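In what follows, chains carry the letters A, B, and so on, assigned in the order in which the sequence lines appear, proteins first and then strands, with residues in each chain numbered from 1. The structure displayed is predicted, hence computed values, not measured ones.
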Number of protein chains: 2
Amino acid sequence: MTANPTTPVRFSPFSDEDSYAIMSNKLASSAKLCPHNNQISCNDCRLGSICLPLAMHEDDIIKLDEIVQRGRPLAKNAHIYRKNDPFTAVYAVRSGSVKTYRLTNDGQEQVTGFYFPGEIIGMDGIGTGHYANAAKTLETAAICEIPFDRLESLSTEIPNMQRHFFQLMSQEITSDQQLITLLSKNSAEERIAALLISISARMVRRKLSGTQFRLPMSRTDIGNYLGLTIETVSRVFSRFKKQNLVDVDGKEISLKDLEALKEIADM
Amino acid sequence: MTANPTTPVRFSPFSDEDSYAIMSNKLASSAKLCPHNNQISCNDCRLGSICLPLAMHEDDIIKLDEIVQRGRPLAKNAHIYRKNDPFTAVYAVRSGSVKTYRLTNDGQEQVTGFYFPGEIIGMDGIGTGHYANAAKTLETAAICEIPFDRLESLSTEIPNMQRHFFQLMSQEITSDQQLITLLSKNSAEERIAALLISISARMVRRKLSGTQFRLPMSRTDIGNYLGLTIETVSRVFSRFKKQNLVDVDGKEISLKDLEALKEIADM
DNA sequence: CAGCACTATTGATCCATATCAACGTAACTC
DNA sequence: GAGTTACGTTGATATGGATCAATAGTGCTG
């Protein structure tokens, strides 16, 4: 969620809308580089603990490093993959944020998720060999590409790696099911409170403020994700503001009463 | 979906509500038995092509046979696993049908899926080591248990097996996302048409009639799954009946205009 | 097979959110 | 920095499905 505080977000150098992202392997960071490819090692990436929650052996991480394509810096609104693109890789968000969405048969968009640094996207493509969703950056973002065929063979070598991917996919299933429940049972206020709480928790996991952040997605995207119209989203934000639960100024948001929001979200 | 036509469904021998299922390894079937354990081999199971869509080598199937616990015949409303039970296995539905459901924090049920013969349940437990859902039979059912630790080690031996499980999980993700879209964007009529079409397609896959079947779940379960009240479900069925799209008599249903239903479901 | 409990249907009313509309505000373009 | 376009807010009204209520089936139990 939110603008990565270390990177300016307003910067949007490419004509980006509806185009695939321009990539570059150069990173501005000064972190230690992996000897074999002069890139930041997964070992040194400060997101490692989110992206790779497993205790992995040093030499297993080196093997992983060998297959990860790092640091594609993408402009805002750049596609990482599109629906029906052949499935070749899963992707880790390194900085910035991403939305995934499905297209309905009549061409409407359904946002299926928002993804922040350390989170993995693209696993929906494994089943059919083609991505079922599209993924698009919500702001300037850097993405690590993990080619799936090599990941698969690595998984047979390193049982921990296989287990880790089973876990990631299973987490995706349970988070989708949480959204199903939210859409099926909860009011507009409950849905929005739940989204705010979820984003807040993910900020905390990244050692950022859980109460002050920038929402990288538009009201339209929020409404779309939560099955609400943009007007309803706007009204709920206004109501929360009036009740002193939050402070909203455009995309900047401050959660002023986390407990009350958790109460509303029923979490 | 529906009563498996080869098995009487009305039979409900156990006091079953809210209890774990009584199991037995005896099967009434006369199919060929696997030499090592006197059970029907996965190879001979007529559901094989659904449950195991991969071309597997003969000896790989034998390895799989060795770990699968077959044929637990369960009474109606028996739990296969409950939310928070330690995750030990995934399960294949062999006959009958199953619903999975989550419990919301305030104790309400949210049905997350209906499962028919050849379909796999329980994969949501991998991530945390505990099932995130509960699974309960909708009618008398037989279930194959596949212990996950042994499946995992088998997957490192047999790359096809690993891939197959990645695929199964990814299919679960995309079907959950389809439900998200349905709940977020579609009207009551569209949701119900979509469910009927989905069940119909799964009947056809099992070489049964796609237009005449028995809905094994209650109206309450349908409504819960689709985010609707039981009254709305009932009214939509009545409307469809009046428009001659379906014939409904309790749980028996006949789809009289599949094309029109597909049109409504937008599929 | 009578009785009871659960499940489904149908009708009347209500309400949360969609829809329609107008206006305000931010941000990108030249 | 004026003009344009997209994005966001707020108000008025409409509506699909929820809720409340009454009745009718269906099937398990003794």
Counterpart residues, side chain to side chain contact (heavy atoms under 4.5 Å, CB included), relative to B:Asp249 (two or more places apart):
none
Rounded off to whole Å, could you give me the CG-to-C1' distance for the A:Leu183 and D:dA18 pair?
17 Å
Nearest-angstrom distance from the residue atom CD of B:Gln108 to P of D:dA18
13 Å
Whether the side chain of B:Asp124 engages the backbone of B:Ala132 through a donor-acceptor N/O pair (distance < 3.5 Å, no angle test) should be reported.
yes
Could you tell me which residues satisfy salt bridge (charged side-chain N to carboxylate O under 4.0 Å, His left out) with A:Glu190, sequence neighbours excluded, listed by chain and number?
none
Counterpart residues, side chain to side chain donor-acceptor pair (under 3.5 Å), relative to A:Glu189 (two or more places apart)
A:Arg239
Just to verify, what does B:Asp257 make a salt bridge (charged side-chain N to carboxylate O under 4.0 Å, His left out) with, not counting sequence neighbours?
none
Rounding to a whole Å, what distance do you find between A:Lys76:NZ and C:dA26:C1'?
11 Å
Output the rounded distance in Å from CG (B:Asn77) to P (D:dG27).
15 Å
Residues forming a salt bridge (charged side-chain N to carboxylate O under 4.0 Å, His left out) with B:Lys241, sequence neighbours excluded:
none
Which whole-number value in Å describes the distance from A:Glu190 CD to C:dA16 P?
12 Å
What does B:Gly223 touch in the nucleic acid at a heavy-atom separation under 4.0 angstrom: a base, only the sugar-phosphate, or nothing?
nothing
In whole angstrom, give the distance that lies between atom CD1 of B:Ile192 and atom C1' of C:dT9.
13 Å
Taking the six-membered ring for Trp and the full ring for Phe, Tyr or His, determine whether the centres of A:Tyr115 and A:Tyr91 are under 6.0 Å apart.
no
Atom-pair distance (CG on A:Asn186; C1' on D:dG17), nearest Å
17 Å
Rounding to a whole Å, what distance do you find between B:Ile222:CD1 and C:dT7:C1'?
12 Å
Just jot down the salt bridge (charged side-chain N to carboxylate O under 4.0 Å, His left out) partners of B:Lys256, sequence neighbours excluded, or say none.
B:Asp247
For the helix from C:dC1-D:dG30 to C:dC30-D:dG1, figure out the bend between the end axes, five pairs an end, and round to 10 degrees.
60°
Summarise protein proximity over nucleotides 3-16 of chain D in one line of letters, 5' to 3': B for base, S for sugar-phosphate only, - for none, counting protein heavy atoms closer than 4.0 Å.
-----SBBBB----
Only pairs at least two apart or in different chains count here, so list each ring pair (Phe, Tyr, Trp, His ring centres under 6.0 Å) that has a residue in residues 217-237 of chain A.
A:Phe114-A:Tyr225
